[in-house]
Amino acid sequence: MICAEALQDYGLRALGIGERLLPQTDISLCQQIVLIGSGMMWNVYFGILALGFGFFFAVALAVAKASPARLIRKPAEWFIFIFRGSPLFIQFFMVYEAFVMLPRVGIEFTFLGVEIAAETRWFARAWLGALIVLFLNTSAYTAEIFYGALRNVPKGDLDAADAYGLSGWKRFRRITFPTTMRLAWPAYTNEAIFLFHATALVFFSSFPAFQQRGDALYYANYFADRTFNPFVPYPIVAFYFVVLTLLIILIFGRINVRLNRHLPNGQRTRLRIRPQLMR
Amino acid sequence: MKKLILTASLLAIAAGAASAQDVVRMGTEGAYPPYNFINDQGEIAGFERDLGDEMCARAQLTCEWVINDWDSIIPNLTSGNYDTIIAGMSITEEREAIVDFTQAYYPPASSLFMGMSEDFTLAGAVVAAQTNTIQAGYIAASGATLMEFATPDETVAAVRNGEADAVFADSDYLLPIANEDADLMIVGEPVQLGGGVGMALREGDARREAFDAAITSMKADGTLNALILQWFGPDAATF
Amino acid sequence: MFAFCTDPATLDPLRWFSCYLTNGAHFLFYQSFLVVFALLAVTAPVSLAFGFAAASASRSHILPVAWLGKLYTAMVRGVPDIVFFLFFILVLDQGIEYLRHQIACPEWAEEIRQGANFLVCPEARTPSSNAPQWVHEVYGFSLAVFTYAIVFGAFCGNVLYGAMRAVPHAQLETGAAYGMSRAQVFWRILVPQMWIYALPGLGNIWLILIKATPLLFLLGIEDIVYWARELGGSRNSVYQYPHPDWRFWYFLALLVFYLCLTRVSEIGLARLTGHLSRGQATAAGDTLRKAAT
């Protein structure tokens, strides 16, 4: 089996399992493919978790932004503006520095005990800290998409719900929310794709690579630096990301079909992938 | 993050072509006080700035300073982005295989651990060190958990925020920090690493002799020792 | 900067900060903001030109040209932009030196790519190693701008291609019926009309471009991120103005800077949309017409 040795040495290197030292000289194509693929695990991890948690927060934010109550609407508007209006790159830097300051602030609250201190340091690690940034960031972008869809829910649907005596939570859950999802889904697919792309920034933005456990781009960059040859590692990353993108389109497309299954053929919305949501 | 991506080509290795160069580009990190740093005026300053300017004056060369990140500082030298590295770089066998060093302009210094608490044992500890330094190599070989950072400042920050139990670096870099920060202290035993600090040039570069001669003359007339005492304090090791 | 700055250690906080924030290193920091604006000012028109060329090519009747245009605009969809940034800047640099090498020293016998090194003859080195530092910096910046333009040109190409298709087809046919050639229809009817359809997309790309400027840091340019990190790091008494780790505050300042830039752009784009909507056969144009009467 080709690449078996490289796979054994570096297959789980991004998680810290396998050879301690990265390949230094005589770097083979196998090692590049395996190690970059190993790094992809981090991209997938960040993408899935941020997207998963972000979905629920985004729904809450979108509802808050559509709220007539100023006290609820304004914080949601500001949150969305701040995270959509600034570069993700800067958000990474800033949040990392904020998390780094945590334990030093925590020293004043020694009564909290050792356990708390041991936990706060995790915020400065990529697996938690960067995940939080990505979660907040995608929540803001998704909330804006959901908010737009929420406002476009046909009035007739809501009138019909009233006529059936649905109100409050029940109306939201049965009528408003499913329609919002259906309307927002194509744009949300875009957001999912570009969130996965954004995960490539994590190890370039101050979150340290712990024992050289990094994501796909981290290793690609390592190889490009070592070999002075960009024509091998970057196309490998590109290939992995294209595969990942196709997977997302496949999965989201299935869900889209399900969301639209009650509609006659002509009215179904089709997914169109447009690069409009990059940070 | 890496400047080597900007220019990737090699200058002629032939000594004849090299001596035709009239400008010597001096590569340094600019983030390792007191060796080299960017001062409040935004200029490169420090021991190596003063030393390098003096060496260039004695060797009658026109020198220009260039800043480059540490982790790509050797590849950028070999690829011709600049002509020398003068960045607190210890002379080691592995580096000798890739570049040529002048004689040491700073005697072998000890490396220290700096942490937040006195009870520190290397085994099982998480130690921060800068990537591609002799200290990082030492930790990796020792069995302790190595945490690598791109800049020295980040290694110290990692100790302050508790990510690492200690930072391992040159004593001259750590001592001023430990003296001024009540939370940080020198822990464990000092370790002797490397064969002194020298200036690196591409292999076969004829200007090495000129710089070597300049260092010899500075050692002879005491200017080098004066510079060391000026930047590293009265307790520093001299020639 | 100020006369009282001679001995910072003795100053009260207000004066200390007024000296600290006006020292030489901070002026370099402030200058680096100009780098951001320069990048925006140069990249925007160049990407638009790239995008226009790509969109026009995609409409071409010569199939290979159309494929080329479509391939170019499609490439940004599946792969993160940052991968392109890191890739193209290296490719451009090596490409330029390779071409110059072929022209300047054809009799060069050695391999160019030797293991980890990329070796060209001294005459082909770009910029020449004798060049002053500013030439090196300008060259690096130009490469970065070109890299940005390639990536954002693909984005613009997407939007402009869509906008060209959005121009009512009947208008183009009317042009042809009046005896206009294909080129005339393109330049006199299609191009002037497409902008209003392209504007929302282009505005979006502009906002994306603003948010992509800190990536300059990854291309080795000493931009605002570089200086924020450099100045914010903790400083001991080797420096005139020692302080603890203030990077958080420096990055906060950058965040506010970008938020302002975004807000100003949004307002400007809204005005431009209103301006371009005049007399257009769109809903917005109709609203304007009604408001005027």
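Just so it is clear, the values below take in all heavy atoms, side chains as well, and ignore hydrogens, waters and symmetry mates. Proteins come first, then strands; the chains are lettered A, B, ... in the order of their sequence lines, and each starts at number 1.
When each of C:Leu252, C:Leu255, C:Val256, C:Ile82 is scored by its heavy-atom pairs under 4.5 Å with chain A, the top score falls to C:Leu255.
If you check the side chains of C:Ser234 and C:Asp245, you find no donor sitting under 3.5 Å from an acceptor. No side-chain donor-acceptor contact under 3.5 Å links A:Tyr240 and A:Asn43. Side chains of A:Tyr45 and A:Asp215: no donor on one and acceptor on the other come within 3.5 Å.
Aromatic pair C:Tyr250/C:Trp246: centroids not less than 6.0 angstrom apart.
No part of A:Ile248 comes within reach of chain C, as not one of its non-hydrogen atoms sits under 4.5 angstrom from that chain. Contact of A:Phe196 with chain C is not made at all, since no heavy-atom distance falls under 4.5 Å. For chain C, the nearby parts of A:Val242 are the backbone and the side chain; heavy atoms of each come within less than 4.5 Å. For a residue to count as touching a neighbouring chain, one of its non-hydrogen atoms must lie under 4.5 Å from one of that chain's; by this rule A:Pro235 touches chain C with the side chain only.
A:Trp185 and A:Phe252 have parallel rings, their planes meeting at less than 30° on a 0 to 90° scale where 60° marks the start of perpendicular.
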